[in-house]
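All heavy atoms count here, side chains included; hydrogens, waters and symmetry mates do not.
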Amino acid sequence: MTCCSPTGSRRLTVADIPYRPEIHRTPLGVEQFGIIEKPLTSFEQLYGRAWVRKLFLLALLAAVWEIYGRWLDNPLLFPTFSDTMQALISGITEGTILRRAITSIEVLLMGYATGIVCAALLTMLAIHSRLGTDFLETMTAMFNPLPAIALLPLALIWFGLGNGSLVFVLVHSVLWAVALNTHAGFRSVSTTMRMVGRNYGLGGLRFVLQILIPAAFPSILAGLKIGWAFAWRTLIAAELVFGVSSGSGGLGWFIFESKNQLNIPDVFAGLLTIILIGLFVENLIFRILEERTVQRWGMQS
């Protein structure tokens, strides 16, 4: 049966179309495409985990360290990784390294927390007035390039041998990095987000806590990481200079004493302890903080 168009002409049907074998093909089924999703092998699953890759890199570095130490064959210059680990385990078992590490961490937390509080106050002042912004920018330009260890002689004169001097230089290390990154993060918050907060009737401290801080937290977290690294390095350097506080020193002083006694494996054990603490803070504490804030809020770049 054929149909005609309104004009009276005959319409073409499918049967009228000539068969073109070079064009027509049998429809392909899904099974002809093969496997769409290939299951990952055990190696690929392990390689997809960041902590496994990092452990592999650390093991590789340890192997290079061991090979070079054995090739050099000079324990006073460069002990092997196995000798360093033996000294580290011995120091932990005896409690020496643990006591020194706890001493350093206690002082570090005091200086770090004080620096964060001071940075928060300066940043709050800066976002509420132009004079505060000018003050923060001027002070940051003056003191941020100044190494904290350069203030150690003044700290010794003002606060004497004790935790006061260490906390002073630690605050200087933390304050400007955290304040600068926090203020830059606040300034980068979009006008749209600010208007949303205003439309909800937020103002003052509520506006800062519910709008500015979540939006600027990637920059704030970067400042916290930088401040932590600066504080940790400054503390060890300060302990290497005068170290003893209230009759006991931290890891820096432990390294200094071991060097004077030519106990080089203990020197490397102290350095390895500093590295391990840094890895722990960076890959556990800050990682958890990032997952529960930046990634959960969808602020991950």
Could you tell me whether the side chain of [Y] reaches within less than 4.5 Å of the side chain of [X], counting heavy atoms only?
X: I277; Y: L251; answer: yes
X: I285; Y: L289; answer: no
X: F256; Y: V267; answer: no
X: V64; Y: F81; answer: no
X: I264; Y: L77; answer: no

If you measure from [atom1] on [X] to [atom2] on [Y], what distance do you get to the nearest 0.5 Å?
X: T103; Y: L98; atom1: OG1; atom2: CG; answer: 10.5 Å
X: K54; Y: L57; atom1: NZ; atom2: CG; answer: 9.5 Å
X: L272; Y: D266; atom1: CG; atom2: CG; answer: 12.0 Å
X: N283; Y: I288; atom1: CG; atom2: CD1; answer: 10.5 Å

Smallest separation among heavy atoms of [X] and [Y], with atom names:
X: L166; Y: A238; answer: CD2-CB, 3.5 Å
X: N144; Y: A177; answer: OD1-N, 4.2 Å
X: I97; Y: I92; answer: CB-N, 4.4 Å
X: V167; Y: G111; answer: CG1-CA, 4.1 Å
X: A126; Y: L136; answer: CB-CD2, 3.7 Å
X: S104; Y: G250; answer: OG-CA, 3.1 Å

Side-chain heavy atoms nearer than 4.5 Å, only ILVMFWY residues, links allowed to pass through others: does that put [X] and [Y] together?
X: I89; Y: W65; result: no
X: L72; Y: L271; result: yes
X: I102; Y: W253; result: no
X: F286; Y: L109; result: yes
X: L61; Y: L55; result: no

Name each donor-acceptor pair under 3.5 Å that joins a side chain in residues 214-236 to protein atoms two or more places apart or in another chain, with its distance.
{"from": "W232", "atom 1": "NE1", "to": "I274", "atom 2": "O", "distance (Å)": "3.4"}
{"from": "T234", "atom 1": "OG1", "to": "S173", "atom 2": "OG", "distance (Å)": "2.8"}
{"from": "T234", "atom 1": "OG1", "to": "F230", "atom 2": "O", "distance (Å)": "2.7"}

field: Residues F268, F78; criterion ring-ring contact (aromatic ring centres under 6.0 Å, His included); working and verdict
entry: CA-CA 9 Å; F268 276 75; F78 195 89; 5.4 Å; yes
I'd like to know if the side chain of [X] and the backbone of [Y] have a donor-acceptor N/O pair within less than 3.5 Å.
X: S188; Y: G185; value: yes
X: S165; Y: A155; value: yes
X: S258; Y: F254; value: yes

query: Would L146 and H172 count as a side-chain contact (heavy atoms from CB on, under 4.5 Å) if you check the C-alpha gap in whole Å, the side-chain angles of each, and the deciding distance to 0.1 Å?
result: CA-CA 9 Å; L146 183 64; H172 174 80; 4.1 Å; yes
task: Verify side-chain contact (heavy atoms from CB on, under 4.5 Å) between I149 and V169, making sure each step is shown before the conclusion.
output: CA-CA 7 Å; I149 199 67; V169 295; over 6 Å; no
Residue pairs fulfilling side-chain hydrogen bond (donor to acceptor under 3.5 Å, both in side chains) with at least one residue in residues 70-83, sequence neighbours excluded: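 Residue pairs passing side-chain hydrogen bond (donor to acceptor under 3.5 Å, both in side chains), neighbours aside: E66-R70, E66-S82, T80-S82, T80-D83.
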- prompt: What pairs of residues pass the side-chain hydrogen bond (donor to acceptor under 3.5 Å, both in side chains) test when at least one of them lies in residues 125-136, not counting sequence neighbours?
  reply: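 Output for this query is empty, none listed.
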message: Once side chain to side chain donor-acceptor pair (under 3.5 Å) is applied, do any residues pair with H183, and if so which ones, sequence neighbours excluded?
response: none
- prompt: For the residue pair F143 and W176, does the interplanar ring angle fall in the parallel (under 30°), tilted (30 to 60°) or perpendicular (over 60°) class?
  reply: parallel
task: State whether the number of non-hydrogen atoms from other residues, nucleotides or ligands found under 6.0 Å of Q86 atom CD is greater than 12.
output: no
- prompt: If you draw a 6.0 Å radius around CE in M195, do more than 12 non-hydrogen atoms from other residues or ligands fall strictly inside?
  reply: no
query: Who are the salt bridge (charged side-chain N to carboxylate O under 4.0 Å, His left out) partners of E106, not counting sequence neighbours?
result: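 Salt bridge (charged side-chain N to carboxylate O under 4.0 Å, His left out) list for E106, sorted by chain: empty.
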- prompt: With sequence neighbours left out, what residues match R187 under salt bridge (charged side-chain N to carboxylate O under 4.0 Å, His left out)?
  reply: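 R187: salt bridge (charged side-chain N to carboxylate O under 4.0 Å, His left out) contacts with E137.
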- prompt: Would E257 and R100 pass as an ion pair if we require N to O under 4.0 Å?
  reply: yes
